[in-house]
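Proteins come first, then strands; the chains are lettered A, B, ... in the order of their sequence lines, and each starts at number 1. These numbers come from the heavy atoms of this one structure, side chains and all, not from hydrogens, waters or symmetry mates.
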Amino acid sequence: MLQFSPPKMPFDWNVSEALLHVGATLTSGQSFRWRQDEREIWWGVVDACVLAVWQEQGIGDRGQGTEEKTGVFWQTFPEPNRSDIFADYFRLDVPLEALYQEWTEQEPEIEEATRAFRGMRLLRQPVRECFFGFQCATCNTVVKIERSVRALAARYGDEISLPFDAPFVLHQFPTVERLATADEAVLRADLWGYRAPRVIALAQHILSREPNWLASLRSRSYSEAHAELTALHGIGAKIADCICLFCLDKDAVTPVDTHIRQIAVRLFAPQLSGKSLTPKVYAEISEAFASRFGAFAGWAQQYLFFAELRRATFFKK
DNA sequence: GCTTAACCTGGACGC
DNA sequence: GCGTCCAGGTTAAGC
């Protein structure tokens, strides 16, 4: 029996006992618009739906005896109780316990990360938001990416009205039509920098394709989706893989960035130390992760990536 | 096939 | 206060 006391709100909470670490999931660098209010409630937007999620800090910390408590309280707006949206977005169907065991057998070093972030999941994000959000990620910091993506949504996205005073003004992500006619100078002012013209050009390109082209990539194979994305000006292998992994259900994909490269060198590819991240090296690292961790290698790399990110941030402070 | 520079910007850091 | 470096990359040119 769960014994949590979620904050009193002018709505009823639903509760889920799924294995889910909300904080790790929403701060691991895969999505950019979630915010936490002073009551520690997370507020996010999934298409036209607002999601409010609360979980007591540190799942399991409250455990008395051996029972682990993993209660996650949630609600959707303006239409309440959309358990389908909640479960789909957080991908509650993926059996984490079995994956942890498989991964640890392959690479013992991952065990520490799976313990530290137990319940962290990859999200199934709306494709449009994920596609444009990661345009901002090139040579940037997570804090600035979040600032820029939020600014883009606030400027060009429709506000979602709620039947109570929410702690934040929440917007839908802008439509492709709005982005295609966005003002480059305005985007630059919102810190998009040299990425601003790319966003507009990519939106115009999407409009020139068949309707629903972007969303249709979810039903294509990884190699097809990757090829379609990297054919676009401004999208290289890494950004394409982020899009494939975080919104197109390509769970075996490992986007190789500076952090993942360091992990690969440390764990299983010391011969790549000091080498530039050429397409050949990129493919070598990506395939090494896939061969070790299998169909959910992208999930495994997220645990190692997040642990590395936290370590790097810690040592900088 | 690899290396390099340019592209924006703000925060961290050293002086 | 100021200069430099770096951050979840991509592209094109030069070798």
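Closest of all the heavy-atom pairs between A:Asp257 and A:Lys238 is CB-CE, 3.7 Å.
What separates CZ of A:Arg147 from P of B:dG11 is a distance of 5 Å, to the nearest Å. Atom CZ of A:Arg310 and atom P of C:dG8 are 15 Å apart (whole Å). Regarding A:Leu191, its CG atom lies at a distance of 14 Å from the C1' atom of C:dA7, rounded to whole Å. Regarding A:Tyr194, its OH atom lies at a distance of 7 Å from the C1' atom of C:dT10, rounded to whole Å. In this structure, the CZ atom of A:Phe132 is 20 Å from the P atom of C:dG9, given to the nearest Å. Note: CD (A:Glu184) to C1' (B:dC8) measures 11 Å, nearest angstrom. Rounded to a whole Å, the CG atom of A:Leu229 is 12 Å from the P atom of C:dT11. Distance, A:Leu187 CG to B:dT9 P: 12 Å, rounded to whole Å.
Among the atoms of the strands shown, base atoms are found under 4.0 Å from some heavy atom of A:Val142. Contact annotation for A:Ile235: backbone-only contact, meaning every heavy-atom pair under 4.0 Å involves sugar-phosphate atoms and none involves a base. Using a 4.0 Å heavy-atom cutoff across all strands shown, A:Ala237 reaches sugar-phosphate atoms only and no base atom. No contact: A:Phe306 has no heavy atom under 4.0 Å from any strand. Backbone-only engagement by A:Leu232 is indicated by non-hydrogen atom pairs under 4.0 Å involving sugar-phosphate atoms exclusively.
Taking for each of A:Thr230 and A:Phe32 the nucleotide of DNA chain C with the nearest heavy atom, the 5'-most of the two is the partner of A:Phe32.
Ring centroids of A:Phe90 and A:Trp74 are separated by 6.0 Å or more, keeping the two rings apart. Proximity of the aromatic rings of A:His259 and A:Phe305 is defined here by a centroid distance below 6.0 angstrom, and this criterion is met.
Spacing between C:dG1 and B:dC8 at atom P, rounded to whole Å, works out to 28 Å. Remark: the separation of the P atoms in B:dA6 and C:dG8 is 22 Å, to the nearest Å.
At a cut-off of 3.5 angstrom, the base of C:dG8 holds at least one donor-acceptor pair with the side chain of A:Lys238.
Using a 4.0 Å cut-off, some side-chain N or O of A:Arg188 falls inside it from OP1 or OP2 of B:dC8. Taking side-chain N and O atoms only, A:Ser276 has no distance below 4.0 Å to OP1 or OP2 of B:dC2.
Checking C:dT10, B:dT9, B:dC2 against the side-chain heavy atoms of A:Lys144 singles out B:dT9 as nearest. You'll find that the side chain of A:Thr258 is closest to C:dG9, out of B:dC2, C:dA7, C:dG9. If you check B:dT9, B:dC2, C:dG9 against the side chain of A:Arg198, the one that comes closest is C:dG9. Distances were taken from every side-chain heavy atom of A:Ile239 (C-beta onward) to each of C:dT10, B:dG10, B:dC8; the shortest belongs to C:dT10. For A:His233, the side-chain atoms get nearest to C:dA12 when compared with the rest of C:dA12, B:dG11, C:dA7.
Here the side chains of A:Phe296 and A:Glu102 are not in contact, with every heavy-atom distance at 4.5 Å or above.
The base-pairing partner of B:dC8, taking Watson-Crick or G-U wobble contacts with both distances under 3.5 Å, does not exist among the strands shown. As the counterpart of C:dG8, no nucleotide is assigned, since no Watson-Crick or G-U wobble pattern has both distances under 3.5 Å.
Around CD of A:Glu159, the count of heavy atoms belonging to other residues, nucleotides or ligands within 6.0 Å exceeds 12.
Note on ring orientation: taking the six-membered ring where Trp is involved, the planes of A:Trp13 and A:Phe11 are perpendicular (angle over 60°, cut-offs 30° and 60°).
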